[in-house]
Amino acid sequence: MHAKSFYFLLEDPPPSCGLPWLSGSPVRQTNRRTTDLHVHERGQIFVVESGVMAVMTQSSYWLIGPGQLLWLPPGFVHEARSHGAITGWSLYITAERYYSVSHKPFLIDCTRLLMAQVERLSQNAKEAVWQDSLTRLAESFWDEFLSIPHHSVSLPFPEDARLKRVAEALSATPADPRGQQEWADMAGMSLRSFIRHFTADTGMQFSAWRQRLRILNAQERLARRERVTDVAAAVGYESLGAFAAAFRKNTGYSPSAYAQRCRAGATDPM
């Protein structure tokens, strides 16, 4: 369902006259929404203030939480889905600037400075004429953006068709309790070959990949305000303590604290 207060650009906006390398707008949404597969000619910087946004490319799955930013290079086919209310900003960067940025998506934990800069730029990026002060702000934002460390916390999907069947089955039902031998059987491989090929294809051991999938799914459910006990069971944890430990290990938060963070936005010191 499309929320009336939601503003999300599927097509690149026209460049502003005064500063053609950057344009953008605020994002405000009150209900869940899913976009279809689409692609941008420009690089996109998607910043989440509160809520959670999932972005899926052809090879990876990213989850953007409060206070985080995702860089999507131009030409990446992707879809996006949100979980409940979300606020944030979307900026688009033209070729004269994005040549200096990675050609692969990456996630950033925003600094307070960057969040403030993005908010100001998104409010003024459509002005026909840019004042010198706004031009300086944009340059300062770009310096800050380039200086922040990147994270490789996406969930990579295997390219091998046999392994992809396993990944798709688990994505549909993260709580599926089958063991590695049974997944190897689905892939038509011996257990040893399955483990070796899965690690080579994704860069992760199968057990670690499955845990990350479960935690990402749990983050989405918590953002939808599902109860922690229900979420733990839905992603395959019989013990609430084991779920909480795995969740904290992967996110740095307890499940309840993460749910509160999604609702309140990023308030931690950066």
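Counting begins at 1 with the first residue of the sequence. Quick caveat, the model's predicted, so the values are computed rather than measured.
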J.: With rounding to the nearest 0.5 Å, note down the distance linking CG in Leu216 to CD in Gln211.
T.: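 Reported value, rounded in 0.5 Å steps: 10.5 Å.
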J.: Return the CZ to CG distance between Arg261 and Leu222, rounded to the nearest 0.5 Å.
T.: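 Those atoms lie 13.5 Å apart.
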J.: Check Glu79 against Thr35 and note the closest heavy-atom contact, atom names and distance.
T.: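 Of all heavy-atom pairs spanning Glu79 and Thr35, the closest is CB-O, 3.5 Å.
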J.: Linking I/L/V/M/F/W/Y whenever their side-chain heavy atoms sit closer than 4.5 Å, directly or via other members, would Leu146 and Leu91 fall into one cluster?
T.: yes
J.: So does Ala242 get a backbone contact from the side chain of Ser239, meaning a donor-acceptor N/O pair under 3.5 Å?
T.: yes
J.: Considering non-hydrogen atoms only, spot the tightest contact between Ala234 and Ala175 and give its length.
T.: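 In this case the closest contact between Ala234 and Ala175 is O-CB, 3.3 Å.
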J.: Tell me, please, which residues at least two apart from Asp230 pass side chain to side chain contact (heavy atoms under 4.5 Å, CB included).
T.: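 Once residues adjacent in sequence are excluded, the partners of Asp230 under the side chain to side chain contact (heavy atoms under 4.5 Å, CB included) criterion are Arg227.
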J.: Flag the pair Thr229 / Leu240 as yes when at least one side-chain heavy-atom distance between them is below 4.5 Å, and no otherwise.
T.: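 Yes, side chains in contact.
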J.: What are the two closest heavy atoms between Ala54 and Leu63, and how far apart are they?
T.: CB-CD1, 3.7 Å
J.: Once side chain to side chain contact (heavy atoms under 4.5 Å, CB included) is applied, do any residues pair with Glu226, and if so which ones, sequence neighbours excluded?
T.: Arg221, Arg224, Val231
J.: Starting at CG of Leu70, measure out to CZ of Phe106 and round the result to the nearest 0.5 Å.
T.: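 The distance works out to 8.5 Å.
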J.: Are Trp62 and Leu107 close enough that some pair of their side-chain heavy atoms sits under 4.5 Å apart?
T.: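 The answer is yes; the side chains approach within 4.5 Å.
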J.: Run the side-chain contact (heavy atoms from CB on, under 4.5 Å) check on Arg214 and Tyr237 step by step: do they pass?
T.: CA-CA 9 Å; Arg214 288 177 168 179; Tyr237 286 88; 4.2 Å; yes
J.: Can you find a pair of side-chain heavy atoms, one from Pro74 and one from Glu41, that are under 4.5 Å apart?
T.: no
J.: Does Arg178 use its side chain to pair, donor to acceptor, with the backbone of Trp183 at less than 3.5 Å?
T.: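 Not at all, since once roles are kept as given, no pair shorter than 3.5 Å links the two residues.
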J.: Which atom pair, heavy atoms only, marks the closest approach of Arg212 to Pro156?
T.: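 That closest heavy-atom pairing would be NH1-CD, 4.5 Å.
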J.: With side chains defined as the heavy atoms from C-beta onward, is the minimum distance between Ile148 and Cys110 less than 4.5 Å?
T.: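 Result no, sub-4.5 Å side-chain heavy-atom pair not found.
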J.: What pairs of residues pass the side chain to side chain donor-acceptor pair (under 3.5 Å) test when at least one of them lies in residues 184-196, not counting sequence neighbours?
T.: Gln181-Asp185, Ser190-Ser193
J.: Can you tell me how the ring of Phe157 sits relative to the ring of Trp209, calling it parallel under 30°, perpendicular over 60° and tilted otherwise?
T.: perpendicular
J.: So do the side chains of Gln117 and Leu114 get within less than 4.5 Å of each other, counting heavy atoms only?
T.: yes
J.: Report yes if some heavy atom in the side chain of Thr57 is under 4.5 Å from a heavy atom in the side chain of Leu72; otherwise report no.
T.: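 Thr57 vs Leu72: side chains touch.
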J.: Going by an N to O cut-off under 4.0 Å, is there a salt bridge joining Arg112 and Glu144?
T.: no
J.: Do Gln44 and His78 come within less than 4.5 Å of each other through their side chains, counting heavy atoms only?
T.: yes
J.: Over all heavy atoms of both residues, which pair between Ser122 and Trp89 is shortest? Give the atoms and the distance, please.
T.: OG-CD1, 2.8 Å
J.: Measuring from Leu37:CG to Met56:CE, what's the distance to the nearest 0.5 Å?
T.: 8.5 Å
J.: Test of understanding: clusters of I, L, V, M, F, W, Y form through side-chain heavy atoms closer than 4.5 Å, transitively. Do Ile195 and Met186 belong to the same one?
T.: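 Yes; tracing contacts between hydrophobic side chains, which count when under 4.5 Å, links both residues.
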J.: Checking Arg97 side chain against Leu22 main chain: does a donor-acceptor pair fall under 3.5 Å?
T.: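 No, the answer is negative, given that no donor and acceptor are paired below the 3.5 Å cut-off.
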J.: Between Asp201 (side chain) and Leu163 (backbone), is there a donor-acceptor pair under 3.5 Å?
T.: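 Between the backbone of Leu163 and the side chain of Asp201 there is no qualifying donor-acceptor contact (under 3.5 Å).
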J.: Check whether any side-chain heavy atom of Val101 lies under 4.5 Å from a side-chain heavy atom of Trp142, and answer yes or no.
T.: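 Val101 vs Trp142: side chains touch.
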J.: Tell me the closest heavy-atom pair linking Gly65 and Val52, and the distance in Å.
T.: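 Closest heavy-atom pair between Gly65 and Val52: CA-CG2, 4.5 Å.
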J.: Hey, what's the ring geometry for Phe198 with Phe194, parallel, tilted or perpendicular (30° and 60° as the breaks)?
T.: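 Aromatic pair Phe198/Phe194 classed tilted.
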J.: Go through the steps to decide whether Ile45 and Phe141 satisfy the test side-chain contact (heavy atoms from CB on, under 4.5 Å), and finish with yes or no.
T.: CA-CA 12 Å; Ile45 295 174; Phe141 153 77; 3.8 Å; yes
J.: Hey, could you give me the OG/CE distance between Ser82 and Met53, rounded to the nearest 0.5 Å?
T.: 5.0 Å
J.: Is there a continuous path of hydrophobic side-chain contacts, each under 4.5 Å between heavy atoms, that joins Met115 to Leu113?
T.: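 Each belongs to a different hydrophobic cluster.
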J.: Would one find more than 12 heavy atoms of other residues, nucleotides or ligands at under 6.0 Å from atom CD of Gln205?
T.: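 Open: at most 12 neighbouring heavy atoms sit under 6.0 Å from CD of Gln205.
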J.: Show your reasoning for whether side-chain contact (heavy atoms from CB on, under 4.5 Å) applies to Ser23 and Arg42.
T.: CA-CA 10 Å; Ser23 56; Arg42 303 183 188 184; 3.2 Å; yes
J.: I'd like to know whether Gln219 forms a side-chain hydrogen bond (donor to acceptor under 3.5 Å, both in side chains) with Thr251, so could you lay out the CA-CA distance, the side-chain angles of the two residues, the decisive distance to 0.1 Å, and finally the verdict.
T.: CA-CA 9 Å; Gln219 289 177 260; Thr251 68; 5.8 Å; no
J.: Could you walk me through whether Phe145 and Val118 pass side-chain contact (heavy atoms from CB on, under 4.5 Å), step by step?
T.: CA-CA 10 Å; Phe145 169 67; Val118 169; over 6 Å; no
J.: Can you tell me how far the CG atom of Leu170 sits from the CZ atom of Arg210, to the nearest 0.5 Å?
T.: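 These two atoms lie 6.5 Å from each other.
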J.: Could you tell me whether a side-chain N or O of Thr202 sits under 3.5 Å from a main-chain N or O of Pro158, the two making a donor and an acceptor?
T.: no
